[in-house]
Each structure stands twice: as C-alpha cells, then as structure tokens.
Amino acid sequence: MNPIQLMEQSATTSDRQLVRSLVTLAKKKYVLKENFYLTNNLSYFLFNACEKIPMTYVYPVSSIEIMEKLFKTEVDFSKEAILYIEKYLNRPLKENDYLVLAESVIAANYQLDINKHEQEKFIHLIHCLLTQIAFCVSLPRTHLFTEEPRLMRHIKFLTLRILKGELDFSESNNELYFYVIEHHSREFHSANQIRVFITENFDFDLSNDEISYLALHFRELRRRYGDKNQLQ
C-alpha cells in the first residue's frame with residue numbers, strides 16, 4: 001500500500017471515529033435515537049464537508065422557524081456537532097450548514113428517507129398545518145410554538161402519519177364525535193376545514209377521532225383566550 005493509500009485509509013478511519021463520537025453525543029446528551037439513519041446521515045454530511053462539496057441551501061424563514069422551535073433538540077445537537085466537525089477539519093463551515101445537518105438529524109430521528117427528500121416534505125407539511133390551525137383559532141404561530149407544546153407534539157406525529165400514509169383503522173368513538181358536532185359546532189367546523197384541506201392537498205382523510213381531538217383543542221384555546229380570538 002503506497003503512502004497516499006495509507007493516508008486515505010487513515011482519514012477514513014478518523015472519519016468513522018468522529019461519526020461514532022457524534023452518534024454517542026446524540027444519544028447520551030441529546031437523547032436522540034441511535035439508528036442506521038443517524039450514522040448514515042452523519043457520515044454523508046461529514047463526507048461532503050471533507051470534500052468541500054457545497055451543502056448550504058436557501059431555507060424559507062418558515063422552515064427555519066419550525067426547525068428552531070419544534071425540533072430544538074436536533075438543532076442544538078447539530079450546532080454542537082458542527083463545532084466538532086470544524087475542529088476536526090481545522091476550518092469553519094458555512095454559517096447555515098448547521099441547518100443542513102439539523103435536517104438530516106430530524107430525518108434520522110423520524111426515520112425519513114433523505115434521498116426522497118421526505119424531511120423537506122415533513123417540515124413543509126407541518127408548516128401547512130400550522131398555518132391552517134393558526135388561521136382557524138386566530139392565534140399567531142409564534143404563540144402556538146411557545147404556549148401549546150402538547151398540540152405541537154400532536155401535530156408533529158399527525159404530520160408523520162400523513163406523510164407515511166398511515167391511516168387509523170381503529171374503531172372511532174362516534175359518541176364523542178357526535179357530541180362535538182352537537183355541542184361545539186363552531187370548533188367542529190374549524191377542525192373539519194383542516195380535514196378538507198388535508199384531503200384536497202395530501203390525499204389523506206383524518207379519522208373522526210382526530211377531528212374530535214382537534215375540535216376539543218380548539219375549544220380549549222377559545223376558552224382560555226376568549227372571543228377576542230374568534231374561531232373562524
């Protein structure tokens with residue numbers, strides 16, 4: 001083996017060691033899932049960084065906001081990982097490369113295929129749902145981010161089910177559904193607007209239970225914030 005081959009092998013070994021260290025950091029400090037996706041995505045990012053392959057994309061403000069607010073753990077890990085990678089390369093990366101890495105880490109944590117750009121679709125779909133919900137409850141998105149963590153958690157996993165086409169085949173609680181229609185018709189109408197939007201744009205039908213949940217959550221928002229935030 002000639003000196004160049006030895007150097008390349010050594011570099012590859014060092015790369016693997018760094019990736020293993022970053023996976024350990026993700027798992028132990030940030031409690032992120034350790035899986036094939038995380039190792040693969042970190043390796044791919046590091047390869048691009050080593051080869052100086054341009055990675056920075058122009059992210060819409062809405063996408064940055066969603067990543068920073070709803071995926072803070074993945075973003076914080078990515079910022080720290082960038083510091084390790086910069087030290088390893090002995091040079092700085094682009095200012096927004098942490099967003100590229102964060103997107104890859106989000107994809108790994110939710111087992112999304114970056115080759116099919118599923119993480120981009122995931123974030124875009126969350127943006128669409130939040131925009132619709134914010135309109136329905138007449139509250140700014142920033143408020144939903146900071147004051148409604150339970151709803152935000154639910155929206156993330158609802159979005160994941162829509163993206164993967166995972167229909168809910170369990171038996172619906174029709175008693176609750178018809179109760180909501182009768183006693184909270186205004187909120188039901190708002191939730192049903194979400195259902196129509198998702199069906200028309202993503203070819204996915206929300207279950208009656210999902211509509212009931214959204215309507216009751218809208219009802220709770222209205223109770224807390226009053227008629228000054230009229231539901232549409």
Side-chain angles (χ1 to χ4, degrees), residues 15 18-50 53-86 88 93-134 141-142 144-166 198 201-202 204:
D15 289 356
L18 176 58
V19 169
R20 283 197 293 269
S21 297
L22 293 177
V23 168
T24 300
L25 176 69
K27 179 183 177 182
K28 292 189 174 180
K29 181 175 179 179
Y30 293 93
V31 200
L32 294 171
K33 294 177 183 176
E34 180 184 0
N35 55 29
F36 163 79
Y37 294 95
L38 181 60
T39 301
N40 185 67
N41 293 357
L42 286 171
S43 298
Y44 181 71
F45 181 90
L46 181 57
F47 173 81
N48 285 339
C50 290
I53 298 173
M55 294 182 288
T56 300
Y57 305 102
V58 178
Y59 287 93
V61 173
S62 60
S63 295
I64 297 174
E65 181 185 42
I66 287 169
M67 283 194 278
E68 294 277 6
K69 301 293 186 182
L70 297 189
F71 300 96
K72 187 176 185 302
T73 300
E74 290 89 343
V75 169
D76 286 347
F77 162 74
S78 298
K79 289 178 178 179
E80 184 169 357
I82 288 289
L83 297 178
Y84 280 95
I85 294 170
E86 289 179 331
Y88 174 72
L93 297 180
K94 299 290 185 181
E95 182 179 358
N96 286 334
D97 277 352
Y98 82 93
L99 291 171
V100 180
L101 182 55
E103 207 177 39
S104 296
V105 175
I106 291 167
N109 209 35
Y110 291 87
Q111 297 187 14
L112 301 171
D113 189 344
I114 60 173
N115 293 319
K116 296 180 180 178
H117 304 286
E118 286 186 343
Q119 79 285 358
E120 295 174 20
K121 297 173 185 175
F122 184 42
I123 292 171
H124 174 67
L125 182 48
I126 290 174
H127 162 69
C128 292
L129 284 179
L130 287 179
T131 300
Q132 289 292 314
I133 290 171
R141 281 165 43 124
T142 51
L144 297 177
F145 285 137
T146 57
E147 303 298 327
E148 306 300 329
R150 189 163 60 94
L151 177 60
M152 293 301 96
R153 249 188 333 267
H154 182 79
I155 292 304
K156 282 199 289 188
F157 287 102
L158 170 60
T159 302
L160 197 61
R161 293 204 309 274
I162 295 171
L163 183 63
K164 293 185 174 292
E166 295 176 353
I198 290 172
N201 290 276
F202 302 100
F204 185 94

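Start at 1 with the first residue, then count along the sequence.
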Q. Is it true that a side-chain atom of D15 and a backbone atom of S43 form a donor plus acceptor pair closer than 3.5 Å?
A. no
Q.
Whether the side chain of E74 engages the backbone of A102 through a donor-acceptor N/O pair (distance < 3.5 Å, no angle test) should be reported.
A. no
Partners meeting side chain to side chain contact (heavy atoms under 4.5 Å, CB included) with [X] (sequence neighbours left out):
X: A107; result: N41, L112, I114, Q119
X: S21; result: none
X: P149; result: R153

With rounding to the nearest 0.5 angstrom, report the [atom1] to [atom2] distance, [X] to [Y].
X: L42; Y: L18; atom1: CG; atom2: CG; value: 8.5 Å
X: S62; Y: I126; atom1: OG; atom2: CD1; value: 11.0 Å
X: E120; Y: I106; atom1: CD; atom2: CD1; value: 11.5 Å
X: E86; Y: D97; atom1: CD; atom2: CG; value: 8.5 Å
X: L93; Y: L101; atom1: CG; atom2: CG; value: 9.5 Å
X: Q132; Y: H127; atom1: CD; atom2: NE2; value: 9.5 Å

Q. Would you say F45 and I82 make side-chain contact, with heavy atoms under 4.5 Å?
A. yes
Q: Side-chain contact test, heavy atoms from C-beta onward, threshold under 4.5 Å: evaluate it for I162 versus L129 and give yes or no.
A: yes
Under the side-chain hydrogen bond (donor to acceptor under 3.5 Å, both in side chains) test, residues paired with [X] that sit two or more places apart:
X: E68; result: Y98
X: E103; result: Y59
X: E147; result: none
X: T131; result: R141

If you compare all heavy atoms of [X] against all heavy atoms of [Y], which two are closest, and at what distance to 0.1 Å?
X: L144; Y: M152; value: O-CG, 3.4 Å
X: D113; Y: E118; value: N-OE1, 2.8 Å
X: F77; Y: L22; value: CE1-O, 3.4 Å
X: I123; Y: I66; value: O-CD1, 3.7 Å

**Q.** Any residue meeting ring-ring contact (aromatic ring centres under 6.0 Å, His included) with F122, in chain and number order, not counting sequence neighbours
**A.** F71, Y110
Q) Who are the ring-ring contact (aromatic ring centres under 6.0 Å, His included) partners of H154, not counting sequence neighbours? A) Y213
Q) Does the side-chain contact (heavy atoms from CB on, under 4.5 Å) test come out yes or no for L70 and L130, once each step is laid out? A) CA-CA 11 Å; L70 297 189; L130 287 179; 4.1 Å; yes
Q: Determine, step by step, whether L99 and I64 satisfy the side-chain contact (heavy atoms from CB on, under 4.5 Å) criterion, reporting the C-alpha distance in whole Å, the side-chain angles of both residues, the deciding distance to 0.1 Å, and the verdict.
A: CA-CA 8 Å; L99 291 171; I64 297 174; 3.9 Å; yes
Q | side-chain contact (heavy atoms from CB on, under 4.5 Å) assessment of L163 paired with F202 | A | CA-CA 8 Å; L163 183 63; F202 302 100; over 6 Å; no
Q: Please indicate whether Y44 has more than 12 foreign heavy atoms, meaning atoms of other residues, nucleotides or ligands, lying under 6.0 Å from its OH.
A: no
Q.
Tell me whether the count of non-hydrogen atoms from other residues, nucleotides or ligands lying under 6.0 Å of NZ in K72 goes above 12.
A. no
(Q) So, using salt bridge (Lys or Arg N to Asp or Glu O under 4.0 Å) as the criterion, who are the partners of K121 when residues are at least two apart? (A) none
Q: List for me each residue that meets salt bridge (Lys or Arg N to Asp or Glu O under 4.0 Å) alongside K69, sequence neighbours excluded, and say none if there are none.
A: none
Q. Which residue pairs pass the salt bridge (Lys or Arg N to Asp or Glu O under 4.0 Å) test when at least one of the two sits in residues 28-41, sequence neighbours left out?
A. K27-E34, K29-E80
